[in-house]
A.B. asks: 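Please find one structure pasted underneath; my questions will follow.
Every chain is numbered from 1, with letters handed out A, B, ... down the list of sequences. Worth knowing before you read on, the calculation uses all heavy atoms, side chains too, and leaves out hydrogens, waters and symmetry mates.
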Amino acid sequence: VISEKFQNIFRNLKKPGRLTEDNIKAALREVQLVLLEADVNYKVVKEFIGNISEKAVGQQVLKSLQPGQQVIKVVHEELIGLLGKSACSINMAEAQPTVIMVVGLQGGGKTTTSAKLVKYFTKQNYQCSLAAADIYRPAAVKQLEVLGSQLNVPVFTEGNNAVKIATNSVKLASRDSKDIVIIDTAGRLHIDQTLMKELVDMKKATKAQEVLLVVDAMTGQDAVKIAREYQDVLGIDGVILTKMDGDARGGAVISVCAVTGKPVKFIGNGEKLDNLELFYPDRMASRILG
Amino acid sequence: VFGTGPRLEYEILEKLEELLVTADVGVRTTQKIINNLENSIHNIDKNDFQAILHALERELLNVFERNNQREILPQHQSTECKGTPRIILAIGVNGVGKTTSIAKIAHRYKTQGKDILLVAADTFRAAANEQIEILANRANLELVKSQYGADPASVLYDGIISAEKTKKDVVLVDTAGRLHTKVNLMEEIKKMNRVIRKNIHSSNIEVLLIIDSTAGHNAVYQARSFSENLGATGIMLTKLDGTAKGGMVVAIEDELEIPVKLVGIGEGIDDIEDFVPADFVKAILY
Ligand SMILES: Nc1nc2c(ncn2[C@@H]2O[C@H](COP(=O)(O)OP(=O)(O)OP(=O)(O)O)[C@@H](O)[C@H]2O)c(=O)[nH]1
Ligand SMILES: Nc1nc2c(ncn2[C@@H]2O[C@H](COP(=O)(O)OP(=O)(O)OP(=O)(O)O)[C@@H](O)[C@H]2O)c(=O)[nH]1
Ligand SMILES: [Mg+2]
Ligand SMILES: [Mg+2]
């Protein structure tokens with residue numbers, strides 16, 4: 001469902017016989033503005049418009065009866081293509097427990113999302129546990145413990161550093177026959193070499209099956225740098241886009257998928273522990289187009 | 001409408017557009033600024049990119065120079081409203097750094113010898129009380145809090161009364177994160193604002209909107225909505241120690257005229273600085 005507003009960009013392209021390469025270019029300039037206002041990365045937008053341009057001014061479109069509709073369709077489909085497949089599942093370990101690390105910048109929603117993931121998997125009858133590996137933020141462990149007790153799952157906190165807490169949690173989860181252990185980590189800047197190394201060590205020591213990057217839906221142009229650094233230094237398996245219950249268009253997700261090549265697995269849609277949903281690329285594309 | 005300045009080459013315009021948009025200045029504000037630039041540059045070598053950047057720097061500074069009041073809780077204009085306590089209310093969407101920032105400001109006042117009181121008015125989020133309590137204890141700051149789930153307006157009221165009784169200089173109030181699109185949460189913060197205004201003179205109130213420098217266009221929507229609902233008197237821009245430039249405050253100052261007063265440059269209690277437009281603009285352009 002593409003908004004009226006977006007479709008209006010192409011109203012002049014709807015009259016057959018009046019289409020020129022120039023007015024397609026003008027319409028695509030409008031699309032560029034729409035995407036930039038939705039916080040899609042500048043370079044990604046330029047490349048995207050370039051690709052669309054080739055397809056749009058191709059002979060088939062110019063001759064078709066509904067050229068405007070055709071261009072909209074191309075834009076929408078190309079955007080969906082950039083967002084990857086829908087409803088991607090978590091890689092489950094062959095021998096339990098499956099270890100999931102939740103990582104990302106400060107304040108993105110990792111702790112809340114870790115608890116949401118527990119609720120999501122518990123509903124599917126998996127036995128879950130949480131690991132409180134954020135030893136820096138005041139009351140971070142307490143925050144996870146409060147959420148863990150709301151969900152009636154254990155929260156492992158033993159260890160004198162983050163990596164030890166993570167490895168101890170995996171050992172305990174295995175001993176207790178938990179299917180999944182979700183590790184909440186401290187927020188950290190992608191440029192903080194020491195803290196990024198901590199994640200690399202943690203991933204190696206726990207043999208984590210899934211490293212999920214939590215990204216705030218309101219993130220702007222910086223999304224490219226964040227995603228690139230997390231992917232190059234740590235390696236991620238998927239993305240969770242949070243705070244989608246607001247009015248952020250969420251174009252940062254395009255940058256993240258384009259740069260990492262990894263799919264968005266879930267979206268966070270509110271502060272409650274039920275507010276985790278599967279990701280649907282077509283819905284996201286419509287939202288970005290405004 | 002053609003200006004009197006030279007029209008710049010397409011390649012140069014693209015370069016300037018990329019520079020500003022990737023700094024999150026926002027696409028419409030970028031267009032406006034570049035148009036102003038073309039209308040204002042005279043006697044400039046169209047091929048001298050450094051000279052053009054310098055002119056762009058001036059154009060950006062023009063936006064900031066419209067707002068000269070960048071002091072938190074500025075000095076009183078007259079003596080009649082000199083009562084205590086003065087109050088700072090930290091508001092903003094989820095996760096931007098309100099709790100950390102209000103603690104930084106409180107610590108700063110304390111080191112200046114002021115008597116301050118922190119009020120833990122986030123009664124909603126898990127371990128919010130515990131988080132601010134640890135920050136308060138570390139910095140030796142007095143704290144008023146209530147139980148989890150209490151009415152935040154009544155915790156705020158208790159804090160104001162306590163501060164009046166004990167003759168505090170400044171009350172600093174932390175609030176729960178809230179998306180500006182949530183009507184009931186905006187009503188809650190409006191109610192808290194009314195409680196403050198019933199008890200404290202407006203010249204003694206700072207409504208500080210906390211904005212995350214990694215935010216894109218949504219920051220402008222946040223500022224617009226919080227401003228319409230409450231009237232923000234200032235902005236603190238957090239997480240500038242990352243790679244984000246925080247350019248959306250250019251749009252906010254240009255369209256809403258809310259001055260950026262402080263910046264957060266890290267997670268430590270001292271990681272706070274006054275906002276300096278010249279430094280901020282240089283960081284975007286060079
Ligand atoms: N509205 C909304 N709020 C959310 C969502 N996810 C998280 N939050 C809120 O965002 C704020 C930050 O969430 P946290 O889980 O503490 O974020 P974090 O990434 O663990 O933060 P750090 O550990 O400090 O890096 C809290 O107020 C959460 O309630 C969401 O999907 N929607
Ligand atoms: N790098 C960096 N991190 C910051 C800065 N300010 C806050 N943070 C971090 O951002 C995260 C969120 O900070 P909080 O103070 O809990 O944010 P909040 O707005 O109170 O969050 P909610 O109350 O959940 O809405 C924490 O991990 C902080 O340490 C800053 O200037 N730089
Ligand atoms: Mg956390
Ligand atoms: Mg807080």
Side-chain angles (χ1 to χ4, degrees), chain A residues 32-43 45-46 105-112 115 136-150 186-192 215-226 229 242-243 245-252 270-271, chain B residues 14 17-28 30-31 93-100 103 124-135 137-138 148 176-182 185 212-219 221-222 225 238-239 241-248 266-267:
Chain A
Q32 173 171 305
L33 288 178
V34 167
L35 294 176
L36 289 176
E37 274 194 315
D39 295 318
V40 182
N41 176 262
Y42 187 84
K43 286 207 168 83
V45 171
K46 284 287 182 196
L105 257 62
Q106 291 90 345
K110 298 175 294 300
T111 304
T112 312
Y136 309 104
R137 170 173 156 151
V141 172
K142 183 79 175 106
Q143 184 184 2
L144 199 67
E145 284 178 328
V146 168
L147 298 175
S149 80
Q150 286 175 9
R188 67 206 64 211
L189 295 175
H190 48 299
I191 52 173
D192 187 325
V215 177
D216 193 320
M218 70 171 176
T219 309
Q221 297 288 313
D222 207 40
V224 171
K225 294 208 180 85
I226 298 167
E229 222 41 46
T242 59
K243 308 178 200 171
D245 44 317
D247 58 359
R249 299 264 289 282
E271 292 193 76
Chain B
E14 271 231 318
E17 178 180 77
E18 179 172 0
L19 198 55
L20 294 180
V21 170
T22 56
D24 281 312
V25 170
V27 66
R28 306 237 174 246
T30 293
Q31 287 178 326
V93 302
N94 307 70
V96 294
K98 297 175 295 301
T99 305
T100 311
F124 171 75
R125 207 206 66 218
N129 271 355
E130 288 84 344
Q131 180 188 9
I132 197 170
E133 201 160 8
I134 291 173
L135 293 172
N137 289 338
R138 281 186 195 165
Y148 178 68
R178 69 202 64 232
L179 295 184
H180 51 288
T181 48
K182 310 235 156 145
L185 297 183
D212 192 322
S213 61
T214 62
H217 288 77
N218 199 254
Y221 308 162
Q222 293 168 25
S225 180
T238 61
K239 308 180 194 171
D241 47 314
T243 51
K245 299 289 165 92
M248 82 306 273
E267 301 190 69

A.B. asks: At what distance, to the nearest 0.5 angstrom, does NZ of A/Lys225 lie from OG1 of B/Thr22?
C.D. replies: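 If we round to the nearest 0.5 Å, A/Lys225:NZ and B/Thr22:OG1 are 6.5 Å apart.
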A.B. asks: Looking at CD of B/Gln131 and CD of A/Gln143, how far apart are the two atoms once the value is rounded to the nearest 0.5 Å?
C.D. replies: 7.0 Å
A.B. asks: Working to the nearest 0.5 angstrom, can you tell me the gap between B/Ile134 CD1 and A/Arg137 CZ?
C.D. replies: 10.0 Å
A.B. asks: In terms of heavy-atom proximity below 4.5 Å to chain A, should B/Lys182 be classed as side chain, backbone, both, or neither?
C.D. replies: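 B/Lys182 touches chain A through side-chain heavy atoms alone.
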A.B. asks: Indicate the atoms forming the closest heavy-atom contact of A/Ala139 with B/Ala127, along with that distance.
C.D. replies: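 Between these two residues, the closest heavy atoms are O-CB, 3.9 Å.
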A.B. asks: Does any backbone or side-chain atom of A/Leu189 lie under 4.5 Å from a heavy atom of chain B? Answer side chain, backbone, both or neither.
C.D. replies: side chain
A.B. asks: Can a donor-acceptor pair be found, under 3.5 Å and without considering hydrogens, that links the side chain of A/Lys142 to the backbone of B/Glu130?
C.D. replies: no
A.B. asks: Is it the side chain or the backbone of A/Asp192 that comes within 4.5 Å of chain B heavy atoms, both, or neither?
C.D. replies: neither
A.B. asks: Can you see which heavy atom on A/Gly220 is nearest to which on B/Asp24, and at what distance?
C.D. replies: CA-OD1, 3.6 Å
A.B. asks: Heavy-atom distance under 4.5 Å to chain A: side chain of B/Glu133, backbone, both or neither?
C.D. replies: neither
A.B. asks: Specify which of B/Met248, B/Glu18, B/Gln222, B/Arg138 makes the most heavy-atom pairs with chain A at under 4.5 Å.
C.D. replies: B/Glu18
A.B. asks: A/Leu144 versus chain B, heavy atoms under 4.5 Å apart: side chain, backbone, both or neither?
C.D. replies: neither
A.B. asks: Would you compute the distance between atom CE of A/Met218 and atom CG of B/Asp212 and round it to the nearest 0.5 angstrom?
C.D. replies: 4.5 Å
A.B. asks: Hey, does B/Phe124 have a side-chain heavy atom less than 4.5 Å from the side chain of A/Glu271?
C.D. replies: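 When only atoms from C-beta onward are counted, B/Phe124 and A/Glu271 do touch, with a gap below 4.5 Å.
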A.B. asks: What part of A/Gln150 lies closer than 4.5 angstrom to a heavy atom of chain B: side chain, backbone, both or neither?
C.D. replies: side chain
A.B. asks: Is there a side-chain contact between A/Gln106 and B/Glu267 in this structure, where contact means two heavy atoms from C-beta onward sitting under 4.5 Å apart?
C.D. replies: yes
A.B. asks: Under a 4.5 Å cutoff for heavy-atom pairs, which residue among A/Ile191, A/Val146, A/Asp245, A/Asn41 has the most contacts with chain B?
C.D. replies: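 Most pairs with chain B among the choices: A/Asp245.
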A.B. asks: Restricting to non-hydrogen atoms, name the atom on B/Leu135 and the atom on A/Pro138 that form the minimum distance, rounded to 0.1 Å.
C.D. replies: CD2-CG, 3.8 Å
A.B. asks: Can you tell which part of B/Val21 gets under 4.5 Å to a heavy atom of chain A, answering side chain, backbone, both or neither?
C.D. replies: both
A.B. asks: In Å, rounded to the nearest 0.5 Å, how long is the span from CG of A/Asp247 to CG of B/Leu179?
C.D. replies: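 Result: 8.0 Å between the selected atoms.
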A.B. asks: Nearest 0.5 Å please: distance from the CG atom of A/Asp216 over to the OG1 atom of B/Thr214.
C.D. replies: 6.5 Å
A.B. asks: Taking all non-hydrogen atoms of both residues, which atom of A/Glu37 and which atom of B/Tyr221 are closest, and how far apart?
C.D. replies: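 Minimum heavy-atom contact is O-OH, 4.4 Å.
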A.B. asks: Salt bridge or not between B/Glu14 and A/Lys46? Use side-chain N to carboxylate O under 4.0 Å.
C.D. replies: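 Looking at A/Lys46 together with B/Glu14, the answer is yes, because their closest N to O distance falls below 4.0 Å.
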A.B. asks: Quick check on A/Leu36 against chain B: is it the side chain, the backbone, both or neither that has a heavy atom closer than 4.5 Å?
C.D. replies: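 Both backbone and side chain.
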A.B. asks: Out of A/Leu33, A/Thr112, A/Leu105, which one racks up the most heavy-atom pairs below 4.5 Å with chain B?
C.D. replies: A/Leu33
A.B. asks: Side chain, backbone, both or neither: which part of A/Glu229 has a non-hydrogen atom closer than 4.5 Å to chain B?
C.D. replies: neither
